Peer 1: 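Have a look at the structure that comes next, please.
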Amino acid sequence: QVQLVESGGGSVQPGGSLKLSCIGSRGTMDYTAIGWFRQVPGKEREGVSLISSNSDNRYYINSVKGRFTISRDNAKKTVYLQMDGLKPEDTAVYFCAPGRSYCSGAVCSVYPLFDYWGQGTQVTVSS
C-alpha cells in the first residue's frame, strides 16, 4: 500500500499562497490517481482535487477552481497542491491519498479509495 506524507502547510493571510507536497515513502504511486482532501474539526473530510496517474486528468471541486492547481512529478514520487488566493474557509488540515473522482457535468467530487490517512498538514488562513 502506498504511504504518503504531507508537508507545506502554514499560516497565511487571506489572498496568500501555499504549496503543499505529498511524498510517497513506500510502495509505488506512479500508477495511482492521488487526491488532496481537507478536514475541519467537527466536519466530514472533503475531497478537494485529484490528479490522474499520468497527469492527463485533473479535477477540482467548485470552491477551489481557478485558485488551486494540482500537479505531480512521478520521478520524485510527489504530488503538489499550489494554493493561491487563499480564503479563511480554506483553513483545514490537508491530506493526500489515493482517490477517484466523479463528475456530473461541470461539478466534480473527489473520494478516497481507502480509509487510511497520514498526519496531514495544517493550513490556516486568517488576518
Side-chain angles (χ1 to χ4, degrees):
Q1 184 172 341
V2 176
Q3 185 172 4
L4 305 173
V5 178
E6 306 90 349
S7 64
S11 296
V12 297
Q13 293 187 340
S17 298
L18 285 172
K19 186 172 185 177
L20 306 183
S21 296
C22 168
I23 300 175
S25 61
R26 187 171 68 194
T28 178
M29 58 191 291
D30 295 5
Y31 306 106
T32 304
I34 300 294
W36 281 99
F37 304 82
R38 64 187 180 188
Q39 188 169 26
V40 175
K43 293 189 176 181
E44 287 191 2
R45 205 181 315 256
E46 174 187 44
V48 174
S49 181
L50 182 88
I51 187 167
S52 62
S53 58
N54 59 4
S55 301
D56 281 356
N57 297 297
R58 309 178 196 211
Y59 306 92
Y60 303 92
I61 57 173
N62 281 351
S63 62
V64 306
K65 275 184 182 177
R67 300 189 298 120
F68 289 11
T69 303
I70 193 169
S71 61
R72 67 190 295 164
D73 184 338
N74 285 345
K76 295 182 179 179
K77 298 188 182 299
T78 303
V79 174
Y80 304 98
L81 187 67
Q82 176 68 46
M83 305 187 296
D84 299 316
L86 282 162
K87 303 177 180 181
E89 51 264 43
D90 295 318
T91 295
V93 179
Y94 284 71
F95 304 84
C96 60
R100 63 179 179 85
S101 65
Y102 174 76
C103 296
S104 177
V107 179
C108 293
S109 300
V110 177
Y111 302 96
L113 291 181
F114 314 108
D115 188 17
Y116 179 81
W117 303 96
Q119 291 189 330
T121 186
Q122 175 71 47
V123 172
T124 302
V125 186
S126 72
S127 53

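Quick note: residue numbers are just sequence positions, from 1. Quick caveat, the model's predicted, so the values are computed rather than measured.
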Peer 1: Is there a path from Ile70 to Val110 through hydrophobic residues (I, L, V, M, F, W, Y) whose side chains come within less than 4.5 Å of each other?
Peer 2: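 No, because Ile70 and Val110 fall into different hydrophobic clusters, even though each may have its own neighbours under 4.5 Å.
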Peer 1: More than 12 heavy atoms of other residues, nucleotides or ligands under 6.0 Å from CD of Glu89: is that the case?
Peer 2: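 Atom CD in Glu89 is packed in, count exceeds 12.
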Peer 1: Pairs in or reaching into residues 10-91: which pass disulfide (SG to SG under 2.5 Å), with residues at least two apart or in two chains?
Peer 2: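 Counting only pairs at least two positions apart or across chains, the disulfide (SG to SG under 2.5 Å) contacts touching residues 10-91 are Cys22-Cys96.
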Peer 1: Got Thr91 and Gln122 here, is their nearest side-chain heavy-atom distance under 4.5 Å?
Peer 2: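 Heavy-atom side-chain distance check passes, below 4.5 Å.
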Peer 1: Exactly one of Thr78, Val79, Ile34, Thr32 should register a side chain to side chain contact (heavy atoms under 4.5 Å, CB included) with Leu4. Which one does?
Peer 2: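 Only one of Thr78, Val79, Ile34, Thr32 forms a side chain to side chain contact (heavy atoms under 4.5 Å, CB included) with Leu4, namely Ile34.
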Peer 1: Would you say Leu113 and Arg100 make side-chain contact, with heavy atoms under 4.5 Å?
Peer 2: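 SC-SC contact between Leu113 and Arg100 confirmed.
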Peer 1: Looking at Met83 and Tyr94, what are the two nearest heavy atoms and their distance?
Peer 2: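 That would be SD-CE2, 3.9 Å.
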Peer 1: I'd like to know if the side chain of Tyr60 reaches the main chain of Arg67, judged simply by a donor and an acceptor atom lying under 3.5 Å from each other, with no hydrogens or angles considered.
Peer 2: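 Checked: no pair found.
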Peer 1: Near Lys76 NZ, under 6.0 Å, is it more than 12 heavy atoms from other residues, nucleotides or ligands?
Peer 2: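 Incorrect, the count does not exceed 12.
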Peer 1: Is a side-chain N or O of Arg45 found less than 3.5 angstrom from the main chain of Phe37, in a donor-acceptor match?
Peer 2: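 Judged by distance alone, no pair lies under 3.5 Å.
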Peer 1: Ignoring hydrogens and geometry, is there a side-chain-to-backbone donor-acceptor pair from Ser53 to Ala33 under 3.5 Å?
Peer 2: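 Between the backbone of Ala33 and the side chain of Ser53 there is no qualifying donor-acceptor contact (under 3.5 Å).
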Peer 1: Taking all non-hydrogen atoms of both residues, which atom of Ser17 and which atom of Asp84 are closest, and how far apart?
Peer 2: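 The answer is OG-OD1, 2.7 Å.
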Peer 1: Using every non-hydrogen atom in the two residues, find where Val93 and Gln119 come nearest and quote the distance to one decimal.
Peer 2: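 For Val93 versus Gln119, the nearest heavy atoms are CG1-O, 4.0 Å.
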Peer 1: Do Val107 and Tyr102 have side-chain heavy atoms sitting under 4.5 Å apart?
Peer 2: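 Sidechains of Tyr102 and Val107: no contact.
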Peer 1: Does any non-hydrogen side-chain atom of Pro88 lie less than 4.5 Å from one of Pro14?
Peer 2: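 The answer is yes; the side chains approach within 4.5 Å.
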Peer 1: According to ring pair (Phe, Tyr, Trp, His ring centres under 6.0 Å), who are the partners of Phe95, at least two apart in sequence or on a separate chain?
Peer 2: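 Ring pair (Phe, Tyr, Trp, His ring centres under 6.0 Å) check on Phe95 returns Trp117.
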Peer 1: Does a side-chain heavy-atom distance below 4.5 Å link Asp90 with Arg38?
Peer 2: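 Yes. Closest side-chain heavy atoms under 4.5 Å.
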Peer 1: According to a hydrophobic-cluster definition based on side-chain heavy atoms being under 4.5 Å apart (Ile, Leu, Val, Met, Phe, Trp, Tyr only), do Val48 and Tyr59 belong together?
Peer 2: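 Shared cluster, no.
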